[in-house]
Number of protein chains: 2
Amino acid sequence: MDPSRKSQPDSRAAAPRANGAGRSRRRADVIRIASELFAQKGFRGTTVREIAEAAGILSGSIYHHFDSKEAIGDEVLAGFLDEVLADYRSAVSTGSDAADVLERIVRTSSHTLARHHAALTMLQNDWSYFSTQPRFAYMRTDLREIEQIWITQLERGKEAGVFRPDLDVKLTYRLLRDILWLPMNWRQAGGFSTDQVVDALLRLLFDGITSPAAGAR
Amino acid sequence: MDPSRKSQPDSRAAAPRANGAGRSRRRADVIRIASELFAQKGFRGTTVREIAEAAGILSGSIYHHFDSKEAIGDEVLAGFLDEVLADYRSAVSTGSDAADVLERIVRTSSHTLARHHAALTMLQNDWSYFSTQPRFAYMRTDLREIEQIWITQLERGKEAGVFRPDLDVKLTYRLLRDILWLPMNWRQAGGFSTDQVVDALLRLLFDGITSPAAGAR
DNA sequence: CCTAGCCAAGCAAGCGCTTGGGAGGCCGCC
DNA sequence: GGCGGCCTCCCAAGCGCTTGCTTGGCTAGG
């Protein structure tokens, strides 16, 4: 939760400062309810009136708690990305070799992804919208850092002989990250547990990218 | 935004070709143009006015060729799914063992997916919308047949000892199908060729699911 | 003269968001 | 204690705009 993200180019009347302590419970309820709707119907496909109705108030009352509809989406997505990035950084700092770091990334971030499945779905479905909105420019920065971590570890693993030498790191990164982020949305649909998906994923990944000579894992 | 007429890029003075081949040429243009817009901004995120402007006509004129906006999306998606299903069926009828069938599916359908990348993107981004519209109910049927083919082949491979015996076929199917369908949308973003992606994919897949005892491939 | 194709104009519904004000709780001050 | 002022939270109404879609009429080719 980075409060500096509240900054906004628009110089409209600032949001009510409120008490520095915990914000109203109603506000948190709206965020939770809205994120579920965003996940089900997409960000653009969800109306402020729907969010308000689900929260038991009228649409105009939403704007007492939030500056705009985008501010609600911001609240959901920023917290999610911050947490994922924290997972990645901690995996890098505590892991040993490249394979170990990647396994830590998968294992720690998978639960974060599962917990924020609404934010993940939003990110995937409405990326084409968010990526063009200046307000959500920080997403590009965050995703670039994630990409950098993957690529660094894949390169490191190649040089250490843990991964196949013919691996295209950029291509492999795209495959692996999306493979990792995708299945976290089926939870309710497929009836698989998070750990179930993670184990199947890790087996699929490592037995594919680990070089036979290394014989790791 | 500006309803005033813009210069039309393509000359309308094209030869009055006998449009005996089904519908008019303009209609096909609209479908092609619309599918690109749908891929870029999503189905719901694209307006009829945008499609019309890109086609060089006014929005009302669209309705001379199509009953509704959904009819345009229908035209794009139905053709795509038909072609993919044909690929799957032919792979099943001409392939030998399960691994061979799956490789044929990946290799033949990948080019179909790449050629219809707009339809694929539409299917992924706006699935939550299409799945609730009765008009697009046939999608569920088609996807169910695709799922059945995957599961049948995975089961067959398990029994023949080609795939790991501990494979969860349902879970593996979800992983593999999404892994296969995902990367076909990066073409423009990553700069990878279709064959490049397919080869990386096949290596990642088979070296992960082929049982060591079989030693195939 | 007929019809396919298009334009110009606009309708009803829905969108995000604004406005003005009212109910109720908390505050300090007499 | 009583009371006016203030603040939080919400409602009722509606504004300006965009949406998918409709209508009526003009034009050109067969």
Side-chain angles (χ1 to χ4, degrees), chain A residues 8 10-31 33-34 37-38 41-74 126 129-130 133 135, chain B residues 1-8 10-31 33-34 37-38 41-75 126 129-130 133 135:
Chain A
Q8 190 179 339
D10 195 333
S11 62
R12 193 174 307 169
R17 198 59 151 74
N19 36 23
R23 321 183 95 128
S24 88
R25 204 188 51 205
R26 197 69 185 235
R27 187 186 150 97
D29 283 346
V30 170
I31 293 176
I33 290 169
L37 288 173
F38 290 157
K41 325 178 55 174
F43 180 77
R44 283 170 295 180
T46 304
T47 70
V48 175
R49 284 174 175 83
E50 285 172 339
I51 299 172
E53 190 183 10
I57 58 179
L58 288 193
S59 70
S61 308
I62 290 281
Y63 292 86
H64 175 75
H65 304 283
F66 302 93
D67 287 342
S68 65
K69 180 187 175 184
E70 287 185 357
I72 307 177
D74 201 346
D126 293 290
Y129 171 74
F130 291 129
Q133 294 293 104
R135 169 165 202 152
Chain B
M1 190 69 78
D2 183 11
S4 69
R5 196 78 88 77
K6 276 192 76 175
S7 62
Q8 45 187 23
D10 60 337
S11 71
R12 187 180 309 192
R17 243 352 128 85
N19 47 1
R23 318 288 193 129
S24 83
R25 175 178 163 80
R26 199 52 174 256
R27 186 185 151 98
D29 284 346
V30 170
I31 293 175
I33 290 169
L37 288 172
F38 289 157
K41 324 177 56 174
F43 179 78
R44 283 170 295 180
T46 305
T47 70
V48 176
R49 283 174 175 82
E50 286 172 338
I51 299 171
E53 190 185 8
I57 58 178
L58 288 193
S59 70
S61 308
I62 289 280
Y63 290 87
H64 178 75
H65 303 282
F66 302 93
D67 288 342
S68 65
K69 179 187 175 184
E70 287 185 356
I72 306 177
D74 201 345
E75 207 95 17
D126 293 291
Y129 172 75
F130 292 128
Q133 295 294 104
R135 168 164 203 154

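Chain A is the first sequence line, chain B the second, and so forth, proteins listed ahead of strands; every chain is numbered from 1.
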By nearest atom, which of the nucleotides [options] is closest to the [X] side chain?
X      : options                   : answer
T47(B) : dG20(D), dC17(C), dC11(D) : dG20(D)
S68(B) : dG16(C), dC21(D), dC7(C)  : dC21(D)
Y63(B) : dC17(C), dG20(D), dC10(D) : dG20(D)
H65(B) : dG16(C), dG5(C), dG20(D)  : dG5(C)

Can you find an N or O donor on one side and an acceptor on the other, under 3.5 Å apart, linking the side chain of R49(B) with the base of dG20(D)?
yes
Distance check needed: [N] [atom2] versus [X] [atom1], whole Å only.
X      : N       : atom1 : atom2 : result
F38(A) : dG16(C) : CZ    : C1'   : 12 Å
L58(B) : dA8(C)  : CG    : P     : 6 Å
I72(B) : dG20(D) : CD1   : C1'   : 11 Å
R27(A) : dC10(D) : CZ    : C1'   : 16 Å
K41(B) : dT19(D) : NZ    : C1'   : 13 Å
I62(B) : dT23(D) : CD1   : P     : 18 Å
I57(B) : dC6(C)  : CD1   : P     : 5 Å
I51(A) : dC10(D) : CD1   : P     : 15 Å

Tell me whether the OP1 or OP2 atom of [N] has a side-chain N or O from [X] closer than 4.0 Å.
X      : N       : value
S61(B) : dC7(C)  : yes
H64(A) : dC10(D) : no
R26(A) : dC10(D) : yes

Note: F66(A) and I72(A) closest approach over all heavy atoms is CG-CG1, 3.6 Å
Check: Checking K69(B) side chain against F43(B) main chain: does a donor-acceptor pair fall under 3.5 Å?
Finding: yes
Distance in Å, H64(A) NE2 paired with I57(A) CD1, rounded so as to fall on 0.5 Å steps
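Interatomic distance, H64(A) NE2 to I57(A) CD1, rounded to 0.5 Å: 9.5 Å.
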One should read off an interatomic distance between Y129(B) OH and R44(A) CZ, to the nearest 0.5 angstrom, of 13.5 Å
Item to complete: Describe the nucleic acid contact of S59(A) in one word from base, sugar-phosphate, nothing, applying a heavy-atom distance below 4.0 Å.
Response: base
